[in-house]
Amino acid sequence: MLRRKINRRVTKTKTNTVFLHLSPPLHRFFLSCPNFITQSTSALDTAAAATDIATLVLESDPKSLRGSLHGLQLQFTPELVDKVLKRLWFHGPKALQFFKHLEYHPSYAHSASSFDHAIDIAGRMRDYKTVWALVARMRARRIGPSSKTFAIIAERFVAAGKPDRAIKVFLSMREHGCPQDLHSFNTILDILCKSKRVEMAYNNLFKVLRGKFKADVVSYNIIANGWCLIKRTPKALEVLKEMVERGLTPTITTYNILLKGYFRAGQLKEAWEFFLQMKEREVEIDVVTYTTMVHGFGVVGEIKRARKVFNEMVGEGILPSTATYNAMIQVLCKKDSVENAVLMFEEMVKKGYVPNLTTYNVVIRGLFHAGNMDKAMEFIERMKTDGCEPNVQTYNVAIRYFCDAGDVEKGLSMFEKMGQGSLPNLDTYNVLISAMFVRKKSEDLVVAGKLLLEMVDRGFIPRKFTFNRVLNGLLLTGNQAFAKEILRLQSKCGRLPRQFKL
DNA sequence: TTAGGGTTAG
């Protein structure tokens, strides 16, 4: 009971007081509480325990953390450790400290999955020395590294703008005791293609190694999709030709990739002709094909054609999926009217479909956009009663539109409602902080400052621009003391303008 | 973490 209370204090956010910490006595109680998690734990208990431990890690003195962790009367499990690492995602150094302390735990040994998480975190911090040290330790313990581990590392290199190093990682797998196969080959190709490095994937990897790994339909599809992602449909078509020449039969996925590629490149005519060709060649058109068509026509405002395709699929005996409805509803919102979108929503419900998070978010955004705030809020309530919890996007949309409409209070009250499954992200803070400037009130600027403190506390680094803006605002409204505090924070975050020195 | 469809505005 008391644990729940503590939890709530720690995780709930209040705008005006901003981020509550455990008071020292409660903290001590928490540490000494012997049964706050028992041997047999439900998923809910694991989640709660993960939150508690993450808080403990964040608030403990680094020197005493190891002792605190080892002293806890609870059985660590791989699931629990993974959850804690996820909670500490934005606190890389702390997360790695936690991981390291547990490596020396008397009765717990890390799983491969936790190693992968830790490697992911170190990679995100671009701390490659730690990445490879962890890989070596995994190997020493004979629990990896696996192809998944290498996929994670490659992905991190690509995200850091080093695709060539990602390729090297793939090529070095065997040296680290991990066999390569067609699977891992396709994975690295996909990682490169999804980051729009298709040229490199094709020339430096695919062309060189497709013989060795016996490239299959999946490999070719990945490359074709890569070209489509950068709107180079002729190259994708070449790949299609090439695979046929090599005796591989394109699948429906191949065709759908090309079709989507045409729409993405704005080649409506080609898309339509390609669709007709698919029919002529008696390719087994599926629900993805139709969804692509509905969405493709809809986004360019061809609502009638989108509707026609939608109706046609039913005639062909192919049932729309929730994704198909989502596509239709989205384009109705954007290019037709939100009223018709709502009608479509009700129609799908009547037919027995269960709207998902995307469905709700699309309708809610449409309603806000049309200025129908009340109805949008009704839908937010409706999704909750439907057992579909609003996520960070739902809240961000609501906050953004309320603030844009000048109703800062409503925006703030939406922010306060955000909870466990929908914690604020960088976007949320940016929108809110900007909104604190519209009324030009001194109190608002203090709130902006507090939001800034809170976002840093949660591992988000504000832009220099945001810092300066808040700083100037506070100075102009006579909040000198608070401005000083913000300036110290700015320095800590390495976001200080050059002329400043503390 | 081997491939294809549906969520953002500025």
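Proteins get letters first, then strands, A, B, ... in listed order; numbering begins at 1 in each. Note that the structure is predicted; figures quoted are calculated from it, not measured. Side chains included, hydrogens not; waters and symmetry mates left out as well; all remaining heavy atoms used.
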Sugar-phosphate, base or nothing in reach of A/V294, heavy atoms under 4.0 Å: nothing

Examine B/dT7: is either OP1 or OP2 under 4.0 Å from a nitrogen or oxygen in the side chain of A/K334? Give yes or no. no

Of the nucleotides B/dT7, B/dG5, B/dA3, which one has an atom closest to the side chain of A/N391? B/dT7

Starting from P on B/dT2, measure out to CD1 on A/I188 and report it in whole angstrom. 13 Å

Side chain of A/A151: nearest nucleotide among B/dA3, B/dT1, B/dG5? B/dT1

Here the distance between atom C1' of B/dT2 and atom CD1 of A/I257, to the nearest Å, is 12 Å

Given B/dT8, B/dG5, B/dT2, which nucleotide is nearest the side-chain atoms of A/Q330? B/dT8

Assess A/R365 against A/Y401: is NZ or CZ under 6.0 Å from the centre of the six-membered ring, and within 45 degrees of the ring's axis? no

Mark yes or no: A/R137 above the aromatic ring of A/W132, with NZ or CZ under 6.0 Å from the six-membered ring centre and no more than 45 degrees from the axis. no

Short side-chain N/O contact to B/dA3 OP1/OP2 from A/K260, under 4.0 Å: no

A/W227 vs A/Y202 aromatic rings, parallel, tilted or perpendicular, using cut-offs 30° and 60°? perpendicular

Under 4.0 Å, heavy atoms only, any strand: does A/L189 hit a base, just the sugar-phosphate, or nothing? nothing

Taking the six-membered ring for Trp, are A/Y255 and A/F274 parallel (under 30°), tilted (30 to 60°) or perpendicular (over 60°)? tilted

Where the side chain of A/T253 is concerned, which of B/dA3, B/dT1, B/dA9 is the nearest nucleotide? B/dA3

Between A/F206 and A/F185, what is the ring plane arrangement, given parallel below 30°, perpendicular above 60°, and tilted in between? parallel

What's the closest nucleotide to the A/T251 side chain, out of B/dT7, B/dG5, B/dA3? B/dA3

Touch check for A/V362, heavy atoms < 4.0 angstrom, all strands: base, sugar-phosphate only, or nothing? sugar-phosphate

Nearest to the side chain of A/N221, heavy atoms from C-beta on, is which of B/dT7, B/dT1, B/dA3? B/dA3

Under a 3.5 Å distance rule, please check whether A/H110 uses its side chain to pair with a backbone N or O of A/F99 as donor and acceptor. yes

Return the nearest nucleotide to the side chain of A/V217; candidates are B/dT2, B/dG6, B/dA3. B/dA3

Pair of N/O donor and acceptor under 3.5 Å linking B/dG6 base with A/N356 side chain: yes

Can you measure A/F345 atom CZ to B/dT7 atom P for me and round it to whole angstrom units? 16 Å

Please tell me which of the listed nucleotides, B/dG5, B/dA3, B/dT2, lies nearest to the side chain of A/T324? B/dG5

Under 3.5 Å donor-acceptor pair, A/T289 side-chain atoms to B/dG5 base atoms: no

Please report, rounded to the nearest Å, how far the P atom of B/dA9 is from the CG atom of A/N430. 17 Å

Does A/T322 reach a base, just sugar-phosphate, or nothing at all? Heavy atoms under 4.0 Å. base

Output the rounded distance in Å from CG (A/D116) to P (B/dT1). 9 Å

Classify the nucleic acid contact of A/H295 as base, sugar-phosphate or nothing, counting any heavy atom under 4.0 Å across all strands shown. sugar-phosphate

Distance in angstrom units between A/R124 CZ and B/dT1 C1', rounded: 18 Å

Picking from B/dG6, B/dT1, B/dT7, which would you name as closest to the side chain of A/A323? B/dG6

A/S184 near the nucleic acid: base, sugar-phosphate alone, or nothing, with a heavy-atom cut-off under 4.0 Å? nothing

Indicate, with a heavy-atom threshold strictly under 4.0 Å, whether A/D286 touches base, sugar-phosphate, or nothing. base

In whole angstroms, the gap separating P of B/dT7 from CG of A/N425 amounts to 18 Å

Output the rounded distance in Å from CG (A/N396) to C1' (B/dG10). 15 Å

Determine the contact category for A/S219: base if any of its heavy atoms lies under 4.0 Å from a base atom, sugar-phosphate if only primed atoms, P, OP1 or OP2 are that close, otherwise nothing. nothing

Any N or O donor-acceptor pair under 3.5 Å from the base of B/dG5 to the side chain of A/T291? yes

Pick base, sugar-phosphate or nothing for A/F368, based on heavy-atom distances below 4.0 Å to the nucleic acid. nothing

Result of checking A/R305, A/R307, A/K279 against A/E312 for salt bridge (Lys or Arg N to Asp or Glu O under 4.0 Å): A/K279

